[in-house]
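Worksheet: one structure, shown below.
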Amino acid sequence: MSTVAQKRLFHEYKNLSTNPPDGITAGPITEDDMFHWEALIEGPQGTPFEGGVFAAELKFPKDYPLSPPTMKFVGGGVWHPNVYPNGTVCISILHPPGDDPNHYEHASERWSPIQSVEKILISVMSMLAEPNDESPANVEAAKMWRERRSDYERKVRDEVRKGLGL
Amino acid sequence: MEQTFDLPDSTDWLGTPLSLLTPLESALRCQVCKDFFDNPVITSCCHTFCSLCIRRCLSTEGKCPACRSSDQELKLRRNWAVQELVEAFQNARPSVLDLAKRAATEDREDAEVGTAQPASKKRKVDERDGSNSEVSEGRQTRSRTKGVERQTEPATMDVVEDSQDEEYVPEDGLVACPICNRRMKNEAVFQHLDNCTGDPVPPKKISFGSLQPMSPASRTLNKAPERLPTINYSLLKDNVLRKKLKDLGIPNWGPRPLLQRRHTEWMNLWNANCDSKTPKSKRELLHELGVWERTQGGSAHPSAESAGSVMRKDFDATAWSTTHESDFKQLIANARKRSDALVRTTIPSAAPAQSQESPTVEQPVEATIPTNMQKPEQPLVDLTSAAYPKIQHAQEPGESEEPYTLPG
């Protein structure tokens with residue numbers, strides 16, 4: 001039985017696999033469960049994340065696309081002001097317009113049913129390049145990013161290299 | 001769920017000489033459900049959505065999903081022009097797409113052949129066309145035969161005739177009910193069959209939308225069902241709300257938040273149906289509410305339905321394996337094909353043939369990783385096995401495991 005959410009997710013999956021944006025791969029882990037995806041994001045060029053490949057899991061609610069999915073980097077190693085130490089991504093596009101826990105996001109940047117997995121992943125990619133330190137998810141990383149940028153970049157590069165098994 | 005693999009999509013035009021139709025088709029699809037507009041309505045901020053989609057959005061958020069300006073259900077107006085556009089396009093789509101794909105195949109062959117003899121080229125084209133049509137036909141046949149099993153005798157002729165008509169519209173995602181001939185989504189047929197009255201629905205005007213514009217007479221013939229008003233839930237006590245649901249003829253069990261959500265969903269289904277040229281019966285709407293109940297409402301399992309039922313203690317493994325036998329066989333066949341294809345890709349010359357044969361969507365996710373991203377294949381596999389070890393064991397041993405293990 002195929003619900004609106006499953007169908008819509010399948011459309012997005014098909015779209016992402018036939019016409020993938022640069023540096024992004026995503027799809028359901030098994031086609032039996034369209035509500036659980038894995039995504040791979042390339043570290044954006046010109047940033048300390050360059051060369052890295054970051055795996056994340058996306059979990060979709062049953063009322064998708066009315067509610068947004070959640071996204072979590074798996075395997076650790078993403079040292080970033082907007083990524084919780086457990087890997088959960090904190091970015092405005094993943095927040096429903098109703099609640100604003102951080103009191104800084106414009107409603108226009110938040111989740112809406114016309115957003116998509118592709119837009120989320122592109123936003124996350126640009127988030128990697130340009131952290132938002134107004135309301136950090138990882139305070140340590142935010143402090144380091146603000147005050148000791150070169151240390152931050154070195155740490156990120158180390159993590160990337162570790163992630164690649166080098 | 002396997003039928004969704006062939007979901008028609010705007011990306012179908014990519015790679016054909018008509019790739020410019022991709023944005024056209026996107027524009028004819030609802031941005032919320034990504035499907036073709038179904039009873040399109042326009043908001044007061046001039047955005048168009050399916051009636052049901054925008055009603056669901058407005059009832060959760062009260063804002064237009066496209067521009068976030070506030071809007072109300074009452075201000076929605078039907079958008080007949082878009083409806084006719086969609087119908088006309090859906091009508092033309094299969095044959096146009098078929099032509100475009102054929103042209104694409106020929107172009108590719110022309111480019112590829114170069115050195116090869118024309119004779120072999122021709123045969124290749126034929127083979128390819130043959131396999132394509134086989135795939136889509138196979139799918140239809142399956143649903144058709146299942147339908148035949150359930151239906152009563154006298155309708156057999158209809159089915160045959162109908163299937164012939166359908167060869168021209170194999171990809172609109174709709175199939176006809178073998179009894180009443182009403183066209184509906186593939187997955188809706190079985191449920192519909194359970195309560196099909198057998199009365200042939202007046203031939204739907206859908207396919208001739210632009211030729212037979214809605215005459216006032218035909219519209220007044222179907223007496224328009226009355227719309228349900230919104231309720232301010234905070235003004236109602238529990239028992240009053242419960243009674244209200246009972247009066248509407250929908251389930252009234254469960255805690256209060258569920259009652260409210262159920263009423264909202266019913267109101268959305270009902271009012272969206274009021275926007276339809278060919279309104280569904282209340283029974284069908286109740287069925288849709290039942291689907292909602294199982295996926296999002298009171299009977300929803302916290303985990304995925306399929307996984308949830310497999311994990312239950314009283315899970316009936318034999319019944320499961322018989323009902324899903326064809327699915328399993330299909331999966332095994334797919335997996336075999338895929339591993340064959342993998343073997344072939346190791347021979348460089350065979351690679352293009354492989355990418356042509358298997359539709360992109362069926363390829364494992366790993367296959368789409370660009371070459372400079374080879375490394376993450378490992379985490380992907382790890383995650384899969386980590387997240388699903390139990391389900392693998394709980395399903396039919398042997399059969400269901402194949403799809404996981406074979407493609408590697």
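The structure presented is a predicted model; accordingly, all values stated were derived computationally and were not measured. Just so it is clear: chains get the letters A, B, ... in the order the sequence lines come, proteins before strands, and each one is counted from 1.
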Open item on the list: Counting only heavy atoms from other residues, nucleotides and ligands, does the tally under 6.0 Å from CG of Asn86(A) exceed 12?
Closed with: yes

- [ ] Identify the heavy atoms of Val4(A) and Cys33(B) that sit nearest to each other, and give their distance.
- [x] CG1-CB, 4.2 Å

- [ ] Determine the minimum heavy-atom distance between Asp9(B) and Lys14(A), stating which atoms define it.
- [x] CB-NZ, 3.6 Å

Open item on the list: For a 4.5 angstrom cut-off between non-hydrogen side-chain atoms, does Glu61(B) reach Leu66(A)?
Closed with: no

- [ ] Of all the heavy-atom pairs spanning Lys34(B) and His11(A), show the shortest one and how long it is.
- [x] O-NE2, 3.5 Å

- [ ] Specify the closest pair of heavy atoms between Arg8(A) and Gln31(B), including all atoms of both residues, with the distance to one decimal.
- [x] NH1-O, 3.2 Å

Task: Nearest atoms (heavy-atom pairs only) where Asn15(A) meets Ser10(B) - done: ND2-OG, 4.4 Å

Open item on the list: For the SG atom of Cys67(B) and the CD1 atom of Ile114(A), what is their distance to the nearest 0.5 Å?
Closed with: 8.5 Å

Task: Lys143(A), NZ: over 12 other non-hydrogen atoms inside 6.0 angstrom - done: no

Open item on the list: Heavy-atom pairs under 4.5 Å with chain B - which of Leu9(A), Asn19(A), Leu16(A), Asp63(A) has more of them than the others?
Closed with: Asp63(A)

- [ ] Mind listing the closest non-hydrogen atom pair of Ser112(A) and Pro65(B) along with its distance?
- [x] OG-O, 2.6 Å

Open item on the list: Using 0.5 Å steps for rounding, measure from the CG atom of Leu7(B) to the CD atom of Gln6(A).
Closed with: 11.5 Å

